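Okay, so here's the structure we're looking at.
Just so it is clear, the model here is predicted, and its values are computed rather than measured.
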Amino acid sequence: MRKPCCEKKETNKGAWTKQEDQKLIDYIQKHGEGCWRSLPEAAGLLRCGKSCRLRWVNYLRPDLKRGNFGEDEEDLIIKLHALLGNRWSLIAGRLPGRTDNEVKNYWNTHLKRKLVRKGIDPNNHRLGLIRPTKSFVSNNHSCKEVNSQADNFPVLNSSTSGPVSNISSFPDLNLDLTIGLPIM
DNA sequence: AATTCAATCAACCGCCTCAAG
DNA sequence: CCTTGAGGCGGTTGATTGAAT
């Protein structure tokens with residue numbers, strides 16, 4: 001049997017400090033990404049492996065772009081979301097330097113509303129299904145849909161609802177979603 | 001200047017899948 | 001075949017910041 005992931009030690013939670021970031025960066029630069037389970041102890045961090053992975057993937061990785069999304073990126077996200085639904089990691093995989101968390105946040109805070117303003121239902125990318133004025137309730141936590149009729153739409157294989165099933169709607173999209181092996 | 005409200009985003013939580021044992 | 005843990009993912013929360021009143 002395997003050892004448990006995060007042994008029931010005291011671990012830090014909440015925002016990462018600069019020192020913690022530096023320890024994580026130093027460790028990964030020396031040893032590379034790998035066993036997240038043993039990383040915290042090896043790197044001298046009082047964090048669980050999951051937390052380290054998240055911090056690295058979403059914030060510390062050197063290839064991250066950060067900053068505002070360009071219009072081309074917005075466009076791509078919208079198209080990919082229409083095809084893939086909330087598969088944020090797949091969508092982020094098509095956007096170099098962007099993380100799934102970043103794409104998800106951007107979708108929820110900007111793009112959803114943008115589509116609603118155009119009269120497009122962000123759940124299924126169809127025109128005229130929701131009224132912009134009634135679609136969102138502002139209650140601090142980010143605009144929840146009132147009339148989310150498409151909550152349970154099936155993804156990808158539906159012929160009646162959900163993400164656009166006709167891929168030919170986006171002839172300009174490169175939909176080769178295979179993942180290449182990292183170059184060593 | 002103080003208070004309230006809204007927007008943003010980093011981080012956590014819980015679930016799922018896959019593989020080890 | 002079953003159980004368990006690691007890793008990964010999407011949903012959600014909560015702290016922070018900025019705008020409006």
Enumerate, atom names and distances included, each donor-acceptor pair closer than 3.5 Å involving a side-chain atom of residues 25-32 of chain A, sequence neighbours excluded.
residue, atom, partner, partner atom, Å
A:D26, OD1, A:Q22, NE2, 3.0
A:H31, ND1, A:Y27, O, 3.2

Please enumerate all protein N or O atoms sitting under 3.5 Å from an N or O of nucleotides 12-16 of chain B, with distances to 0.1 Å.
residue, atom, partner, partner atom, Å
B:dC12, OP1, A:G14, N, 2.7
B:dC12, OP1, A:R47, NH1, 3.2
B:dC12, OP2, A:S51, OG, 3.1
B:dC13, OP1, A:K13, NZ, 2.9
B:dC13, OP2, A:K13, NZ, 3.2
B:dG14, O6, A:K50, NZ, 2.9
B:dC15, N4, A:K50, NZ, 3.1

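Phosphate contact (OP1/OP2 of C:dG5, side-chain N/O of A:R37, threshold under 4.0 Å): absent. Of the side-chain N and O atoms in A:W107, none sit less than 4.0 angstrom from OP1 or OP2 of C:dG10. Contact check, A:W36 against C:dG8: a side-chain N or O comes under 4.0 Å of OP1 or OP2.
With sequence neighbours left out, A:E74 forms a salt bridge (charged side-chain N to carboxylate O under 4.0 Å, His left out) with A:K114. By the salt bridge (charged side-chain N to carboxylate O under 4.0 Å, His left out) test, A:D63 pairs with A:R61, sequence neighbours left out. Judged as a side-chain contact (heavy atoms from CB on, under 4.5 Å), and not counting sequence neighbours, the contacts of A:R98 are A:K65, A:F69, A:E73, A:L95, A:E102, A:V103.
A:H81 and A:H125 have tilted rings, their planes meeting at an angle from 30° to 60° on a 0 to 90° scale.
In this entry the distance linking CD of A:E33 with P of C:dA6 reads 18 Å, nearest Å. What separates CG of A:L39 from C1' of C:dA6 is a distance of 14 Å, to the nearest Å. Summarising the geometry, the separation between CH2 on A:W56 and P on C:dG7 is reported as 16 Å, rounded to the nearest angstrom. Nucleotide B:dC9 holds its C1' atom 10 Å from the OH atom of A:Y59, rounded to whole Å. We find that CG of A:L24 is positioned 14 Å from C1' of B:dA11, with the value rounded to whole Å. C:dG11 atom C1' lies 10 Å from atom NZ of A:K112, rounded to whole Å. If you measure from atom CG of A:N108 to atom C1' of B:dA7, you get 12 Å, rounded to the nearest angstrom. Atom CH2 of A:W88 is separated from atom C1' of B:dC9 by 14 Å (rounded to the nearest Å).
More than 12 heavy atoms of other residues, nucleotides or ligands shown are found within 6.0 angstrom of CG on A:D72.
Nearest to the side chain of A:S89, among C:dC9, C:dG11, B:dC9, sits C:dC9. The nucleotide whose nearest atom lies closest to any side-chain atom of A:R53 is, among C:dC9, C:dG10, B:dC9, C:dC9.
A:K23 places a side-chain N or O within 3.5 Å of a backbone atom of A:G44 that can act as its donor or acceptor partner.
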**Study point:** Watson-Crick and G-U pairing of DNA chain B, under 3.5 Å, as dot-bracket with | and [ ]
**Key:** .||||||||||||||||||||

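Considering CD1 of A:I91 and CG of A:L76, their distance stands at 9.0 Å, rounded to 0.5 Å. A:D21 CG to A:Y59 OH: the interatomic distance, rounded to the nearest 0.5 Å, is 7.5 Å.
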